[in-house]
Amino acid sequence: MKKIIFLAAILIIHASCSTEKKAMDTWVGKTEQSFIKSWGLPIRILNNDKKGEILIYADQVYANSNNQHSSTIAGSNYWNYMFVYINTEGRVASWRKEKQVFPPQQINAGELISTSSLSVK
């Protein structure tokens with residue numbers, strides 16, 4: 001019985017992750033304008049040299065001492081980032097999510113563009 005419950009939990013987690021991925025994948029090829037209209041203005045926009053732009057969306061998450069998420073209790077925190085890459089034609093080319101401990105103001109744009117990863121100033 002424990003194996004069945006464990007397997008069901010894994011399948012539910014996997015299904016929720018793949019649903020989010022499928023939803024974001026539907027944006028690939030759509031215009032930047034329609035994406036922003038749906039998602040709202042990004043917290044930052046980086047110029048991606050001659051490749052287009054990177055839209056940065058970020059949510060700060062606080063956790064209390066029991067490691068439960070809460071928006072009202074100050075404690076340890078991290079940032080959930082969504083990077084949306086816009087090509088030179090003004091269309092969504094790709095996207096990715098990342099969890100980091102530093103705020104959006106500390107993203108080093110040059111290193112993000114050149115290495116496709118984040119680093120702090």
Side-chain angles (χ1 to χ4, degrees):
M1 182 67 175
K2 289 181 183 179
K3 288 182 182 181
I4 292 173
I5 293 172
F6 179 72
L7 182 59
I10 295 226
L11 289 173
I12 290 170
I13 291 170
H14 179 67
S16 66
C17 292
S18 65
T19 302
E20 179 185 21
K21 182 182 179 334
K22 287 178 185 177
M24 284 306 299
D25 284 346
T26 62
W27 283 105
V28 174
K30 303 283 197 281
T31 65
E32 176 182 15
Q33 182 180 7
S34 64
F35 185 84
I36 291 175
K37 188 175 181 179
S38 178
W39 275 71
L41 291 172
I43 198 161
R44 282 186 75 186
I45 299 175
L46 302 177
N47 184 4
N48 191 4
D49 294 330
K50 296 177 184 173
K51 297 178 184 176
E53 296 177 326
I54 302 172
L55 309 179
I56 301 175
Y57 292 86
D59 289 318
Q60 189 172 21
V61 179
Y62 292 94
N64 63 20
S65 60
N66 296 329
N67 203 23
Q68 297 173 345
H69 300 298
S70 171
S71 61
T72 59
I73 299 175
S76 62
N77 64 61
Y78 60 90
W79 290 84
N80 283 327
Y81 285 101
M82 166 83 79
F83 300 96
V84 181
Y85 295 85
I86 306 296
N87 63 22
T88 56
E89 290 86 36
R91 298 192 175 274
V92 176
S94 64
W95 63 276
R96 70 182 173 97
K97 288 187 139 191
E98 192 168 304
K99 180 176 155 182
Q100 292 292 340
V101 295
F102 51 85
Q105 298 83 358
Q106 292 181 338
I107 293 175
N108 184 322
E111 289 186 26
L112 174 63
I113 291 166
S114 66
T115 63
S116 297
S117 65
L118 289 178
S119 63
V120 179
K121 287 183 186 174

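Throughout, numbering of the chain's residues begins at 1 and tracks the sequence.
Legend: residues meeting side-chain contact (heavy atoms from CB on, under 4.5 Å) with Ala58, ordered by chain and number and at least two apart, are Ile43, Trp79, Tyr81, Pro104. Shown here are the side-chain contact (heavy atoms from CB on, under 4.5 Å) partners of Ser94, two or more places apart in sequence or in another chain: Tyr85. Annotation: side-chain hydrogen bond (donor to acceptor under 3.5 Å, both in side chains) contacts of Asn80 (sequence neighbours excluded): none. Residues that satisfy the side-chain contact (heavy atoms from CB on, under 4.5 Å) test with Asp59, not counting sequence neighbours, are absent from this structure. Remark: Ser34 pairs with Trp27, Lys30, Thr31 by the side-chain contact (heavy atoms from CB on, under 4.5 Å) rule, at least two apart or across chains. Scanning for side-chain hydrogen bond (donor to acceptor under 3.5 Å, both in side chains) contacts around Gln33 gives an empty result, with sequence neighbours left out.
At least one side-chain heavy atom of Leu55 sits under 4.5 Å from a side-chain heavy atom of Phe35. In this structure the side chain of Gln100 never reaches within 4.5 angstrom of the side chain of Tyr78, judged on heavy atoms.
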Between Leu46 and Glu53, is a side-chain contact (heavy atoms from CB on, under 4.5 Å) present by the stated rule, with each step listed? CA-CA 6 Å; Leu46 302 177; Glu53 296 177 326; over 6 Å; no
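Atoms CD1 and CD1, from Ile86 and Ile54 in turn, are 10.0 Å apart once rounded to the nearest 0.5 Å. Interatomic distance, CH2 of Trp39 versus CE of Met82, reported as 3.5 Å (0.5 Å rounding). Rounding to the nearest 0.5 angstrom, the gap separating the CD1 atom in Ile56 from the CD1 atom in Ile45 is 9.5 Å. Note that CZ of Arg44 and OH of Tyr57 are 14.5 Å apart. Values are rounded to the nearest 0.5 Å.
Between Asn47 and Gly52 the shortest heavy-atom distance is OD1-O, 3.3 Å.
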